[in-house]
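Every value quoted in this text rests on a predicted model; they were computed, and no experiment measured them. When reading the values below, keep in mind they use all heavy atoms of this one structure, side chains included, and skip hydrogens, waters and symmetry mates.
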Amino acid sequence: GVAGGDERGVSVALTRNYVSGSNLSDVLRFLDSRVNQISGCRDRGEAIQPDDLGREFRKALSEVKRCTSESLGEEKKDDNGEEDK
């Protein structure tokens with residue numbers, strides 16, 4: 001499934017894998033520390049490269065969270081957890 005995209009049309013997808021809240025920290029740690037074990041993108045110039053995958057995945061997660069919050073009508077919060085005015 002696709003985790004998100006940006007204005008460049010870049011999407012992050014994990015195929016045949018499921019990332020739940022309970023294993024998200026493990027997946028992020030893997031993306032950061034096991035770059036040499038990430039396959040399927042080095043030979044594709046348009047693909048996000050392994051060195052950038054953790055950062056891009058975090059950006060996509062952030063966007064999904066923002067969109068979900070907006071669709072649920074939640075107030076925007078600043079970095080201190082206070083509602084933006």
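- Atom-to-atom distance recorded for T68:OG1 and K65:NZ is 10.0 Å, nearest 0.5 angstrom.
- Looking at every heavy atom in both residues, R42 comes nearest to Q49 through CA-OE1, 3.3 Å.
- The minimum heavy-atom distance between C41 and I38, with the atom names listed, is SG-CG2, 4.2 Å.
- Note that CG of L61 is 13.5 Å distant from CZ of R66, once rounded to the nearest 0.5 Å.
- For D26, the salt bridge (Lys or Arg N to Asp or Glu O under 4.0 Å) partners at least two apart in sequence or on another chain are R29.
- Under the 4.5 Å side-chain criterion, counting only non-hydrogen atoms from C-beta, V35 is not in contact with F30.
- Salt-bridge annotation for D32 and R58: present, with a side-chain N of the basic residue lying under 4.0 Å from a carboxylate O of the acidic one.
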As a quick check of understanding, evaluate side chain to side chain contact (heavy atoms under 4.5 Å, CB included) for L24 and F57, giving each step before the final call.
CA-CA 11 Å; L24 179 58; F57 191 68; 3.9 Å; yes
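- In this structure a side-chain-to-backbone donor-acceptor pair under 3.5 Å is missing from E56 to I48.
- In this structure, the side chain of R55 does not engage the main chain of D51 through any donor-acceptor pair within 3.5 Å.
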